[in-house]
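One structure is given here, and the rest of the page talks about it.
A note on names: the letters A, B, ... follow the listed sequences, proteins ahead of strands, and every chain is numbered from 1. Model, not experiment: these values are computed from the prediction.
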2 protein chains.
Amino acid sequence: MNKKEALLNAAESKARLGGYSNFSFRELANEVGIKSASVHYHFPTKADLGAELAKRYTENFLCALGDPAALISRGKDPIEHYIELFRHALIADKKMCLCGLFGAESDALPEKVKLNTKLFFEKNIDWLQSAIEKLEGDTTVKARNKAVFILSLLEGAMMMSIVLDTNEIFSIATKFIESIKN
Amino acid sequence: MNKKEALLNAAESKARLGGYSNFSFRELANEVGIKSASVHYHFPTKADLGAELAKRYTENFLCALGDPAALISRGKDPIEHYIELFRHALIADKKMCLCGLFGAESDALPEKVKLNTKLFFEKNIDWLQSAIEKLEGDTTVKARNKAVFILSLLEGAMMMSIVLDTNEIFSIATKFIESIKN
DNA sequence: CTATACTTACCTATCGATAGGTATTAATAT
DNA sequence: ATATTAATACCTATCGATAGGTAAGTATAG
């Protein structure tokens, strides 16, 4: 078992429940069976851990998304696919989007964590924009606007589903995405 | 000057930037000019302070919203009015919605803070639902669905505007609210 | 005299971080 | 093949700072 990966997994789980301050070196160390001082071997500072957390989360998310063009050629709607990934993060994990939470508290985060959180949103907007351009033949601007709309709605709906403790909120909100399709 | 209110103001400012863990009794005490132990006189525990924070935020927000029927009778669109309040919170304060942030980290919050955060969303959905019923003559269910949609979108757009450091995101997202009007 | 609004002086628990040390393994030089 | 060096992955012990919280005392206003 890779301790570094185990630390990131433990940190991600805690961060997705309560943010950057919801995990500590001691807790993570206990969970993976090492001492808290040893966590510093893998991650010099907590900011390094947080930044790598956001980076890995983004990479995994984009990897799970795949290529929009490839999805379309396989007859799949990339927007539906995108919504499904958010739904899975909410229902299967019962946790917030890591970067949604980091984003909300970004003003209080170390610079490198904030930067990687920002990249999550930029890359997600790019992915959605590209998918919408290909799928609906919108202009660059119109596709980007729709991308911003979809991502905003999904993040907000996810947060409200968690605090109101019902997935119905997410279902209701996502139904409105259809109304902007051409 | 009322120290208790000053403490709540200081706490709200910090919480809206970095969440529940972004304010401490010591910091708040320093800001208002008393000792940290004295904060316990006004708020026995941090959870009490957090709960009162969310409660006061909700009350102030609903008070600023006013009565939907009264707005309509004055020829004002309550939905536009609602969006304007969120826009103000974002642009004038340059901070997140307190309950949007608390909501995202609600799984790690003390029960009474979580409860009051939940009430913010329930009361806001009720307000929006009532406004939409009166304004557009929708059924109860349809109006509630639209309310959930609007609130989700506004919270998500606010978060993304902050992390991407541009109010354009909020503008783009809110334009899509028109598309669901009858 | 009593309630209000603090103060001083603590406590315990935890935080991220550092210094210095120890096995084990891998790479390199002789 | 053997000796030396160095990297890996931890350890113990401790640091100063900060967290929330408590008990007992004090000044002040009605």
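At least one cation-pi condition fails for A:K55 and A:F120: the charged atom is not both under 6.0 angstrom from the six-membered ring centre and inside a 45 degree cone around its axis.
In summary, contact between chain A and DNA chain D, defined as any nucleotide atom under 4.0 Å from a heavy atom of the protein, begins and ends at D:dT8 to D:dA13 in the 5' to 3' direction.
At a threshold of 4.0 angstrom between heavy atoms, the contacts of B:F43 with the nucleic acid are absent.
With ring centers used as reference points, A:F86 lies under 6.0 Å from A:F61. A:F121 and A:F102 have their aromatic ring centers separated by at least 6.0 angstrom.
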Verify side chain to side chain contact (heavy atoms under 4.5 Å, CB included) between A:Y20 and A:K46, making sure each step is shown before the conclusion. CA-CA 9 Å; A:Y20 186 72; A:K46 189 177 178 179; 3.4 Å; yes
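In this structure the side chain of A:N22 never reaches within 4.5 angstrom of the side chain of B:E105, judged on heavy atoms.
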Produce a footprint string for nucleotides 4-10 of chain C: one letter per nucleotide, 5' end first; B if the base is under 4.0 Å from any protein heavy atom, S if only the sugar-phosphate is, - if neither. SBSBBB-
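A salt bridge does not link B:E111 with B:K118: none of the charged nitrogens is closer than 4.0 Å to a carboxylate oxygen.
Atom NZ of B:K181 has more than 12 heavy atoms from other residues, nucleotides or ligands within 6.0 Å.
Residues B:Y57 and B:M96 share a closest heavy-atom pair of OH-O, 4.4 Å.
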